[in-house]
S.K.: 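Before anything else, here's the structure in question.
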Number of protein chains: 2
Amino acid sequence: MAPATKAKTEIHTAESCIASVRAVKDALEVLSGRWKLPIILSVSFGTKRFKQISKELNGITDKVLSKELKELEANQLISRTVYDAFPPVVEYAITDHGKSLNKVIAELGTWGAAHRKKIIGR
Amino acid sequence: MAPATKAKTEIHTAESCIASVRAVKDALEVLSGRWKLPIILSVSFGTKRFKQISKELNGITDKVLSKELKELEANQLISRTVYDAFPPVVEYAITDHGKSLNKVIAELGTWGAAHRKKIIGR
DNA sequence: GAAAGTGCTTTCCTAAAGGATAGTACTATC
DNA sequence: GATAGTACTATCCTTTAGGAAAGCACTTTC
């Protein structure tokens, strides 16, 4: 069997492909790493405090969680509210912009579960 | 304003939250890094050769691309076909399993474009 | 007055990601 | 016989991600 030949239509396709690739790369830049999406998901289930998020993510260290929360806040994906009390009380909530990731994350979760079954088998 | 109080219903919510988080983490493990999703997207636009993918991704080095392609093949997300010719001809195509990521990637692209406008402003 | 509780920060360290650069295999073309 | 063409591989190096462990602030509870 011979390799496929270049068709004229591919030129047009290539351009839209490149544009799409760029958009996906933009998204990945903001959402990079193992934790940002899981954090957003956790918070989108309801306003949470630091320790609660930490427990639900299972495995993240305080340092990393703190750093990720800052980045997410900077990108307006979550909001942070401090109450002056002691011991400290800080609440994290999803923003409207963060909510706009709902579909992405839902799809990803669905796919993750399906992939696990297919490849790992359980 | 006082911090929100813990409601009974949150117990139930927390469990489904943790399950969702796990699924998302599973997905992220397979799709980790800056390049895998863009590669899958590129290939899902049509069967491509090494150099073509390289050009469309804009910025990836040969070494990294080669490595990523191997991982994606191992996870059955793309297929690799070698034709014995000189210079070499190798074609990469999306698999059915890879196609199952279409919605995820499309959503991500849409979001990426919107986010760029919102935060970066162009 | 010791201990617990919360949301961090700090220091130190390892592993992995990823980039730069060059090289190879072999044929075809000029 | 130099050069181009393709899909890599190999080496070396820098940067980033991320983890482990401990410390701190200040109040309340025992």
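Letters A, B, ... are given to chains in the order of the sequence lines, protein chains preceding strands, and every chain is numbered from 1. Both backbone and side-chain heavy atoms feed into the values below; hydrogens, waters and symmetry mates do not.
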S.K.: Under the side-chain contact (heavy atoms from CB on, under 4.5 Å) rule, collect the residues that match up with B:Ala114, sequence neighbours excluded.
M.R.: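 Result, side-chain contact (heavy atoms from CB on, under 4.5 Å) vs B:Ala114: none returned.
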S.K.: Which atoms form the tightest heavy-atom contact between B:Gln76 and B:Thr95, and what is the distance?
M.R.: O-OG1, 2.6 Å
S.K.: Below 4.0 angstrom, which residues in residues 29-39 of chain B have at least one non-hydrogen atom near DNA chain C?
M.R.: B:Gly33, B:Arg34, B:Trp35
S.K.: Go through the structure and list residues passing salt bridge (Lys or Arg N to Asp or Glu O under 4.0 Å) with B:Asp96, not counting sequence neighbours.
M.R.: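 Residues passing salt bridge (Lys or Arg N to Asp or Glu O under 4.0 Å) with B:Asp96: B:Lys99.
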S.K.: Mind checking salt bridge (Lys or Arg N to Asp or Glu O under 4.0 Å) for A:Lys70 and listing every partner two or more places apart, or none if nothing turns up?
M.R.: none
S.K.: Got a sec? Which of residues 66-79 of chain A come in under 4.0 Å of DNA chain C, heavy atoms?
M.R.: A:Ser66, A:Lys70
S.K.: I'd like to check the side-chain hydrogen bond (donor to acceptor under 3.5 Å, both in side chains) partners of B:Ser42; sequence neighbours left out, ordered by chain and number.
M.R.: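 Applying side-chain hydrogen bond (donor to acceptor under 3.5 Å, both in side chains) to B:Ser42 gives B:Glu56.
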S.K.: Report the residues that fulfil salt bridge (Lys or Arg N to Asp or Glu O under 4.0 Å) with B:Lys55, sequence neighbours left out, ordered by chain and then residue number.
M.R.: none
S.K.: Under a 4.0 Å N-O cut-off, is there an ion pair linking A:Arg80 with A:Glu91?
M.R.: no
S.K.: Just to verify, what does B:Asn75 make a side-chain contact (heavy atoms from CB on, under 4.5 Å) with, not counting sequence neighbours?
M.R.: A:His115, A:Ile119, B:Val30, B:Leu77
S.K.: For A:Trp35, which residues count as a ring-ring contact (aromatic ring centres under 6.0 Å, His included) partner, sequence neighbours excluded?
M.R.: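 With neighbours one apart ignored, the set is empty.
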S.K.: In Å and rounded to the nearest 0.5 Å, what is the CD to SG distance from B:Gln52 to A:Cys17?
M.R.: 10.0 Å
S.K.: Hey, does the side chain of B:Lys25 reach the backbone of B:Val21 with a donor-acceptor pair shorter than 3.5 angstrom?
M.R.: no
S.K.: DNA chain C: A:Phe86 or A:Phe50, which has the more 5' nearest nucleotide?
M.R.: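 Result: A:Phe86.
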S.K.: Under the side-chain hydrogen bond (donor to acceptor under 3.5 Å, both in side chains) test, which residues partner B:Ser66, sequence neighbours left out?
M.R.: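 Applying side-chain hydrogen bond (donor to acceptor under 3.5 Å, both in side chains) to B:Ser66 gives none.
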S.K.: Which of parallel (below 30°), tilted (30 to 60°) and perpendicular (above 60°) describes B:Tyr92 and B:Phe50?
M.R.: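 Rings of B:Tyr92 and B:Phe50: tilted, 30 to 60°.
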S.K.: Could you list by number each residue of residues 54-63 of chain A showing a heavy-atom separation from DNA chain C of less than 4.0 Å, or answer none if no residue does?
M.R.: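 Output list: A:Asp62, A:Lys63.
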S.K.: When the distance from CG of B:Leu28 to P of D:dG18 is rounded to whole Å, what number comes out?
M.R.: 10 Å
S.K.: Could you tell me from which nucleotide to which nucleotide of DNA chain C, 5' to 3', there is an atom under 4.0 Å from chain A heavy atoms?
M.R.: C:dG5 to C:dC12
